[in-house]
Colleague: 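Okay, handing you the structure first.
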Protein chains: 2
Amino acid sequence: MTKNMFIYETPKDILIVDCGIGFPDEEMLGVDLVIPDISYLKNKKDKIRGIIISHGHEDHFGALPFLLPQLPKVPVFASKLALAIAERKLKENRIKADLRLIDRKRTLKLGDFEIDFIQVTHSVPEAQHMFIKTPHGNIYHGSDFKFDWTPIDKTKIEVEKMVKASERGVDLMLSDCLRSEREGYTDSEQALIEIFEREIAKAKGRFIVTTMSSNISRLKTAIDVSRASGRKIALVGRSIIEIVKIGRRLGYLNLPKEDEVNLRKVDNYPDDKITLLVAGSQAQSGSSLDRIASQTHHNIKIKPKDFVVFSTDYIPGNESSIQTAIDLLMRQGAQVSYMDISEDLHVSGHGARGDLALLINLVKPKFLLPIGGGFRQMKQYSLLAQRIGYQENKILLPSSGDVIEVDQGKASITGRFEARDVMVDGLGVGDVGNVVLRDREILSREGVVSAVVMLDKNKMQTIEEPEVLSRGFVYGQIKDGKEILSLAQKEISRIVNGARKGISTRDLKVAIQDSLEKFFYSTTGRRPMVLLTIIEA
Amino acid sequence: MTKNMFIYETPKDILIVDCGIGFPDEEMLGVDLVIPDISYLKNKKDKIRGIIISHGHEDHFGALPFLLPQLPKVPVFASKLALAIAERKLKENRIKADLRLIDRKRTLKLGDFEIDFIQVTHSVPEAQHMFIKTPHGNIYHGSDFKFDWTPIDKTKIEVEKMVKASERGVDLMLSDCLRSEREGYTDSEQALIEIFEREIAKAKGRFIVTTMSSNISRLKTAIDVSRASGRKIALVGRSIIEIVKIGRRLGYLNLPKEDEVNLRKVDNYPDDKITLLVAGSQAQSGSSLDRIASQTHHNIKIKPKDFVVFSTDYIPGNESSIQTAIDLLMRQGAQVSYMDISEDLHVSGHGARGDLALLINLVKPKFLLPIGGGFRQMKQYSLLAQRIGYQENKILLPSSGDVIEVDQGKASITGRFEARDVMVDGLGVGDVGNVVLRDREILSREGVVSAVVMLDKNKMQTIEEPEVLSRGFVYGQIKDGKEILSLAQKEISRIVNGARKGISTRDLKVAIQDSLEKFFYSTTGRRPMVLLTIIEA
């Protein structure tokens, strides 16, 4: 999941497309979220004419609560569904915003930009591409999509508008590339109906489904198939409850009140008449699925005939947690259908090479720019485009922060500004930087020792025994741990008492720090972080 | 990778099979390795007749250096190759051992146990199964294997001995189950020859191969194919250098001195005449591959025409690191062949369902016990055995530490002893426990604050400003960070000065600790670990 944000700029005006969050990578210890760095916009706020949200996924709108306060007068444009989802998020954070509904049938004019919207299919309804006309050239903004001709939500892909864009001339096309490593076309979401029918037929007890909460189409399939087989549905987890509420209101989900069961009343029904829709398909720590698996969920305990379906794919980095959760569910007696034994439990919302090639051939842009993937997926997209007939220099593979200039039918990378990962940790936005992360990394591996030395500077002696505490280093209650810390006290006294006369406190501090670090490494093979305080009396 | 160790016990004697290490899971912060818990053997050392190593992989022999010192007189039996690999490891750690070569043609008698060895194929030569005759029943110990009829190392699988075991009667068979989630048979290692020929033909510059260093057959293929196409070979990384040395000595690798190039002389040759065999295929931090990708390797810098092949699979938990390494290599201009674009760059050393079913049908044991996998793979093995015709109660699915009794033709789980994960961290073995890990987890997310308070207990006042330091919490050099720490100083003084007269130091400490924790959470949303020292003057 990448924190999507694209800035389109003319001398007069700025248009922003998407404002998403990213998940921290494994080196960002303790970080909750990553948001885009908008320092580039600092002195340009008056130029910003609007933010358009392409569709209702967190990696495309989730940073609004963090960034809108810095861009207070900027209107946010989105489809009905995306607007509803974003609005809920903003309300939660008590952020006021100027939210405006996009009328897909009309051209949206924002300063120098004239934007036409093109409906596409993805894993959430109302996903849109944009044709952006500017005085300097025309852009096709092809965010997340696949060509699903039989989508659950009956969306018609506006292929004709893609051709129209091509006729008007597209200088540069940005295109989703996340699935460019895969040959062929991505399956239709409709394929899941048969799969869910097959799986539910195996369930002798409760049918438990976990999937990405944002995937409204998948939830619809799980609900429809469950109702058709006479099951009531219980919603487990806040994100599922919230999205189902919105999906119902906008008509994307049909779940009559009489078919929904409160979580606490699930046991009033026979197990084979119950479906649970559970949030946390990536086994995120603290999610409903994680708590059910680790037997800490208040309402749901696994029973021997429970049948659990993971209708999801591994997001890189989550494999171990998901596999641990599967093991735990199975140990409690549940039967589990998951990706390693059935590859068909999930279809992606992103187009494979076939879909990507089709978009290129419909839009026929002069230049290409893959987005939404890592460098390896950008590279595969580039190789695909070259096989289609593009010259390599017509495909731009920028890094985050690169500036691309489009003018007179040409596009190229012309510069860059510094775009950091802005990390959100607790209430802090951007106050966790590399120094803090590096310290956390050391603390996580080696632990910490705090040493307090009271110094009689005249006599150059320690006044009392130095106080030495540790956490995450050695266990202080066991013999070895205690011994190491008391040896460390002696080591400190040895250094102080052996120090030359007139040594500065600063130099003495360095000497103690050094010798403690060496002492711990030679006795334990570890390098705990040493926090040393010297008090002169 | 599981830390394999199996204890077979009669009233008189004990036989141990394998003595391996495991990798720490993601919650074991800072832990280097995990080794088996042998506290069960504590008062039984005199009964132990020997340790048999099934094959030369770390998860089967790697704990010897840690555990042999506690079992000093116990002989270790292994094949020539496994013995050579284990011996090197023991020498590195300066551990003396009674190492004995297995003669596969003879029955090995160790107290109550009579062991016959059955050669099988795996991703390292000389892998063996064991038929273990005991006074209480016969065991077939089927550690890691697949049925590779055309192995690189020309091993013949001793199928006839499997049938022989069946004729003698097998009460319980332990069987590798790691790949029980896959249908069909695992491919032969030989398949890689064609794949490497295909890949090397694409390489216009250096051909860079990374694979598990322990996979001698894969190294042989890489070397043979490279030499056939006129390339010299350079070895990158200690584990590769060591294993190639052993492989050469025992005749498993044919790499004449004149075809090997020293790493520092690689640039004396044209790029298209060079192959690099690089250790660190899982992008382990600090490995040669990791350093090459992150541009910190002293000798190897990526060049635009370099062609890198990842001949490996993701080990769960390593996906992000591997993908980051691939991105970095590509950004530097290398072409990279990897698992997400070509599934055929690696074949497993473990049998799929076909192999597993074949072994069951050859050995025809009464009871089955899947080993070497997580619970989900054990469960799939059980389902496979049930499809073959076994009743569910003939398949044992124990947890680590469970005791299985075999007698009079029956096998069942009859008890358990506590088998912890013994963690190795630096020089410490077993001194990192759950308390230390829990502290490291908190430190890794939230950081640490050390506060030192000097107290005049009579006046109940702080003598000087409290000293407050932090690491991994907020960055102390920026305005907000500094401010929070100086506000924390004031908070401490407020608590001390407001404390009731006659309060005990202990109660005062609790009050300061509580109020600091609340203060940090309310101002930052974080809960750093607070190390508080009170000094009474």
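Protein chains get the first letters and strands the later ones, always in sequence-line order, with residue 1 at the start of each.
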Colleague: Determine whether more than 12 heavy atoms belonging to other residues, nucleotides or ligands lie under 6.0 Å from atom CD of B:Glu27.
Modeller: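 Counting neighbours around CD of B:Glu27, 12 or fewer heavy atoms of other residues, nucleotides or ligands fall under 6.0 Å, so no.
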Colleague: For A:Glu464, is it the side chain, the backbone, both or neither that has a heavy atom under 4.5 Å from a heavy atom of chain B?
Modeller: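 For A:Glu464, side-chain heavy atoms alone lie under 4.5 Å from chain B.
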Colleague: Measure the CG-OG distance between B:Leu437 and A:Ser444 for me, rounded to the nearest 0.5 Å.
Modeller: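 One finds 11.0 Å between CG of B:Leu437 and OG of A:Ser444.
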Colleague: Which distance, rounded to the nearest 0.5 Å, do you find between the OG of B:Ser320 and the CG of A:Asn318?
Modeller: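 CG of A:Asn318 is found 8.0 Å from OG of B:Ser320.
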Colleague: With a 4.5 Å cut-off on heavy-atom pairs, point out which of A:Met529, A:Arg445, A:Arg438, A:Gln335 contacts chain B the most.
Modeller: A:Arg445
Colleague: If you take all heavy atoms of B:Ser450 and A:Ser450, which pair is closest and at what distance?
Modeller: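 For B:Ser450 versus A:Ser450, the nearest heavy atoms are OG-OG, 4.4 Å.
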Colleague: Among A:Ile535, A:Leu443, A:Ile322, which residue has the highest count of heavy-atom pairs closer than 4.5 Å to chain B?
Modeller: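 Going by pairs under 4.5 Å, I would pick A:Leu443.
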Colleague: When rounded to the nearest 0.5 angstrom, what distance separates CG in A:Asp425 from OG1 in B:Thr524?
Modeller: 7.5 Å
Colleague: Might you confirm whether atom NZ of B:Lys202 has over 12 heavy atoms from other residues, nucleotides or ligands at distances under 6.0 Å?
Modeller: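 It does: B:Lys202 NZ has more than 12 such atoms within range.
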Colleague: Could you tell me whether B:Arg331 atom CZ has more than 12 heavy atoms of other residues or ligands within 6.0 Å of it?
Modeller: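 Enclosed.
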Colleague: Could you tell me which of B:Met378, B:Gln380, B:Glu446, B:Lys379 has the largest number of non-hydrogen atom pairs under 4.5 Å with chain A?
Modeller: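 With the most close heavy-atom pairs to chain A, the winner is B:Gln380.
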Colleague: Heavy-atom pairs under 4.5 Å with chain A: which of B:Leu329, B:Ile326, B:Leu397, B:Leu531 has the most?
Modeller: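 That would be B:Leu531.
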Colleague: So for B:Ser321, is it side chain, backbone, both, or neither that comes closer than 4.5 Å to the heavy atoms of chain A?
Modeller: both
Colleague: Of all of B:Arg526, B:Glu467, B:Glu181, which one pairs up most often with chain A through heavy atoms under 4.5 Å apart?
Modeller: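 Going by pairs under 4.5 Å, I would pick B:Arg526.
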Colleague: Take a 6.0 Å sphere around OH of A:Tyr521 and say whether it holds more than 12 heavy atoms from other residues, nucleotides or ligands.
Modeller: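 No, not enclosed.
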Colleague: So which part of B:Ser342 gets closer than 4.5 Å to some heavy atom of chain A, the side chain, the backbone, both or neither?
Modeller: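 Neither the backbone nor the side chain of B:Ser342 comes within 4.5 Å of chain A.
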Colleague: Looking at every non-hydrogen atom in both residues, tell me the closest pair between A:Val474 and B:Val436 and how far apart they are.
Modeller: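 For A:Val474 and B:Val436, the tightest heavy-atom pair comes out as C-CG2, 3.8 Å.
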Colleague: So which residue, A:Arg440, A:Arg182, A:Glu319, ends up with the most heavy-atom pairs under 4.5 Å with chain B?
Modeller: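 Heavy-atom pair counts peak at A:Arg440.
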Colleague: Let me know if B:Ser399 has heavy atoms under 4.5 Å from chain A in its side chain, its backbone, both or neither.
Modeller: both
Colleague: Does any backbone or side-chain atom of B:Tyr314 lie under 4.5 Å from a heavy atom of chain A? Answer side chain, backbone, both or neither.
Modeller: neither
Colleague: If I measure from the heavy atoms of chain B, does A:Arg179 come under 4.5 Å with its side chain, its backbone, both, or neither?
Modeller: neither
Colleague: Among A:Asp32, A:Leu328, A:Ile463, A:Val448, which residue has the highest count of heavy-atom pairs closer than 4.5 Å to chain B?
Modeller: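 Winner by heavy-atom pair count: A:Val448.
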Colleague: B:Gln323 versus chain A, heavy atoms under 4.5 Å apart: side chain, backbone, both or neither?
Modeller: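 Both backbone and side chain of B:Gln323 come within 4.5 Å of chain A.
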Colleague: Using heavy-atom distances under 4.5 Å, tell me whether A:Ser285 contacts chain B through its side chain, its backbone, both, or neither.
Modeller: neither
Colleague: Report which part of B:Met454 has an atom under 4.5 Å of a heavy atom belonging to chain A: side chain, backbone, both, or neither.
Modeller: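 Looking at B:Met454, just its side chain touches chain A.
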Colleague: What part of A:Met330 lies closer than 4.5 angstrom to a heavy atom of chain B: side chain, backbone, both or neither?
Modeller: both
Colleague: Kindly say whether B:Asp327 contributes a backbone atom to a donor-acceptor pair with the side chain of A:Arg376 at under 3.5 angstrom?
Modeller: no
Colleague: Against chain A, work out which of B:Gly433, B:Gly447, B:Pro316 has the most heavy-atom pairs shorter than 4.5 Å and name it.
Modeller: B:Pro316
Colleague: Based on non-hydrogen pairs under 4.5 Å, which of B:Arg471, B:Gln377, B:Glu441 is most in contact with chain A?
Modeller: B:Arg471
